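The structure's right below; bear with me while I get my questions together.
Keep in mind that what you see is a predicted model, and the values were worked out from it rather than measured.
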Amino acid sequence: MNLRIEIIKSFSLSLESIIEDSFIEENPSIMEIEVESELMQYVPSYMLWCLKNKDSALVDTHIVNALAEYGRCKNPENEHLNFMFRCSSEQRKVVTNFLIWCSTEIASSDQEQICRALKNWQL
């Protein structure tokens, strides 16, 4: 299955719920905006943006770093970082597939950071 479709289906996104490109471009680091209650909408939207804009370094490093931070979180009560705890096993697999995609498709990706993130996201 296409990774874009996997992200949309696993996170139950509708076209209306996907964050607009202009917002993402103005706020490249998801970790710097307050979206705790909407992480299940924002994180997959940022992932989708990366799929569409794989030649732009604007967001790819930021989303990989954010996924690494979410993967390191050990406390599900930490609302700012508990995205991984909110994910189902299917959603975790999609995040893992996205990180693998980043490692192979984005020339500027930080391979070391992706490897660290993958260790925490893989089931």
Side-chain angles (χ1 to χ4, degrees):
M1 184 185 301
N2 175 309
L3 184 54
R4 177 176 166 67
I5 294 169
E6 284 182 48
I7 292 169
I8 291 169
K9 282 187 176 183
S10 71
F11 287 95
S12 302
L13 297 175
S14 66
L15 291 177
E16 296 80 33
S17 67
I18 297 172
I19 305 304
E20 293 183 19
D21 288 356
S22 59
F23 177 86
I24 293 172
E25 290 161 4
E26 291 171 17
N27 301 279
S29 176
I30 195 167
M31 301 294 287
E32 294 178 7
I33 54 178
E34 294 187 27
V35 295
E36 289 85 8
S37 63
E38 299 163 351
L39 283 174
M40 300 304 281
Q41 175 187 8
Y42 275 75
V43 174
S45 293
Y46 274 65
M47 291 166 40
L48 290 170
W49 189 94
C50 286
L51 293 177
K52 282 194 305 189
N53 300 282
K54 76 176 192 172
D55 294 329
S56 171
L58 182 65
V59 174
D60 64 36
T61 301
H62 293 291
I63 192 64
V64 167
N65 289 340
L67 291 172
E69 284 297 312
Y70 297 141
R72 277 194 287 273
C73 180
K74 303 298 182 219
N75 182 358
E77 301 301 317
N78 185 341
E79 297 231 352
H80 182 66
L81 294 173
N82 71 357
F83 176 70
M84 187 172 72
F85 289 101
R86 297 181 192 188
C87 289
S88 67
S89 60
E90 177 187 348
Q91 291 165 331
R92 287 178 67 158
K93 178 149 181 54
V94 169
V95 170
T96 299
N97 290 342
F98 173 77
L99 289 165
I100 292 168
W101 176 86
C102 287
S103 73
T104 60
E105 297 296 323
I106 300 178
S108 64
S109 64
D110 181 343
Q111 296 297 318
E112 212 172 295
Q113 182 74 308
I114 291 171
C115 286
R116 282 192 295 265
L118 279 169
K119 286 178 187 175
N120 291 316
W121 279 95
Q122 290 176 323
L123 301 173

Kindly write out the residues that satisfy ring-ring contact (aromatic ring centres under 6.0 Å, His included) with F23, not counting sequence neighbours, or none if the list is empty.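 Checked F23 against ring-ring contact (aromatic ring centres under 6.0 Å, His included); matches are Y42.
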
Rounded distance [0.5 Å steps], CG in D21 versus CG in N53: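 Result: 6.0 Å between the selected atoms.
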
State, to 0.1 Å, how close A117 and L67 come at their nearest heavy-atom pair, and which atoms those are.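 Here A117 and L67 meet closest at CB-C, 4.5 Å.
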
Can you tell me how far the CD1 atom of I24 sits from the CG atom of L48, to the nearest 0.5 Å?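 It is 8.0 Å, given to the nearest 0.5 Å.
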
Taking the side chain from S45 and the backbone from I19, do they hold a donor-acceptor pair closer than 3.5 Å?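 At least one qualifying donor-acceptor pair exists.
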
Check whether any side-chain N or O of E6 sits under 3.5 Å from a backbone N or O of V94 as a donor-acceptor pair, and report yes or no.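 Judged by distance alone, no pair lies under 3.5 Å.
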
Exercise: identify the closest heavy-atom pair between C73 and L81: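 The answer is CB-O, 3.4 Å.
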
For F11 and P44, which heavy atoms make the closest approach, and how far apart are they?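 Closest heavy-atom pair between F11 and P44: CG-CG, 3.5 Å.
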
Roughly how far, to the nearest 0.5 Å, is the OG atom of S22 from the CD atom of E25?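 Separation between the atoms: 7.0 Å.
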
Is there a side-chain contact between P76 and M84 in this structure, where contact means two heavy atoms from C-beta onward sitting under 4.5 Å apart?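 Not in contact.
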
Of all pairs that satisfy salt bridge (charged side-chain N to carboxylate O under 4.0 Å, His left out), the ones with a partner from residues 102-114, not counting sequence neighbours: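 Of all non-adjacent pairs touching residues 102-114, those that pass salt bridge (charged side-chain N to carboxylate O under 4.0 Å, His left out) are K54-E105, E112-R116.
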
Separation of L99 CG from I114 CD1 (nearest 0.5 Å):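 That separation rounds to 6.5 Å.
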
When rounded to the nearest 0.5 angstrom, what is the spacing between CE in M47 and CG in L13?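 Interatomic distance, M47 CE to L13 CG, rounded to 0.5 Å: 9.5 Å.
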
Between N27 and E32, do the side chains contain a donor N or O and an acceptor N or O under 3.5 Å apart?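 No, because no side-chain N or O of E32 sits under 3.5 Å from a partner of the opposite role on N27.
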
Nearest heavy atoms of S10 and Q91, plus distance in Å: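 So the minimum-distance heavy-atom pair works out to O-NE2, 2.9 Å.
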
Would a 4.5 Å heavy-atom cut-off, applied to side chains only, mark W101 and I106 as touching?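 Yes; the side chains approach each other to less than 4.5 Å.
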
Ignoring hydrogens and geometry, is there a side-chain-to-backbone donor-acceptor pair from T96 to R92 under 3.5 Å?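 Yes.
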
Do the non-hydrogen side-chain atoms of N82 and N75 ever get within less than 4.5 Å of each other?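 Not touching, per the 4.5 Å side-chain cut-off.
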
Are any of the side-chain heavy atoms of Y70 and W121 separated by less than 4.5 Å?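 A side-chain contact exists here, since the closest heavy-atom pair is under 4.5 Å.
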
Between C87 and M40, does the side chain to side chain contact (heavy atoms under 4.5 Å, CB included) criterion hold? Intermediate values first, please. CA-CA 8 Å; C87 289; M40 300 304 281; 4.3 Å; yes

State, with a plain yes or no, whether a side-chain heavy atom of I63 is found less than 4.5 Å away from one of F98.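 Contact flag for I63/F98 side chains = yes.
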
Exercise: identify the closest heavy-atom pair between L39 and H80: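 Answer, listing the atom of L39 first, then H80: CD1-O, 4.2 Å.
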
Does S103 offer a backbone N or O that forms a donor-acceptor pair with the side chain of Q111 under 3.5 Å?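 Present.
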
Nearest-0.5 Å distance that lies between atom CG in L3 and atom SG in C102: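 Nearest 0.5 Å value for the CG-SG distance: 8.5 Å.
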
Are the side chains of F83 and V95 in contact, using a 4.5 Å heavy-atom criterion?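 V95 reaches F83 side chain to side chain.
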
With a 4.0 Å cut-off on N to O distance, would you call E69 and R72 a salt bridge?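 Counted as a salt bridge, because a side-chain N and a carboxylate O are separated by less than 4.0 Å.
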
For the pair Q113 (side chain) and N65 (backbone), establish whether a donor and an acceptor sit closer than 3.5 Å, ignoring hydrogens and angles.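 Not at all, since once roles are kept as given, no pair shorter than 3.5 Å links the two residues.
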
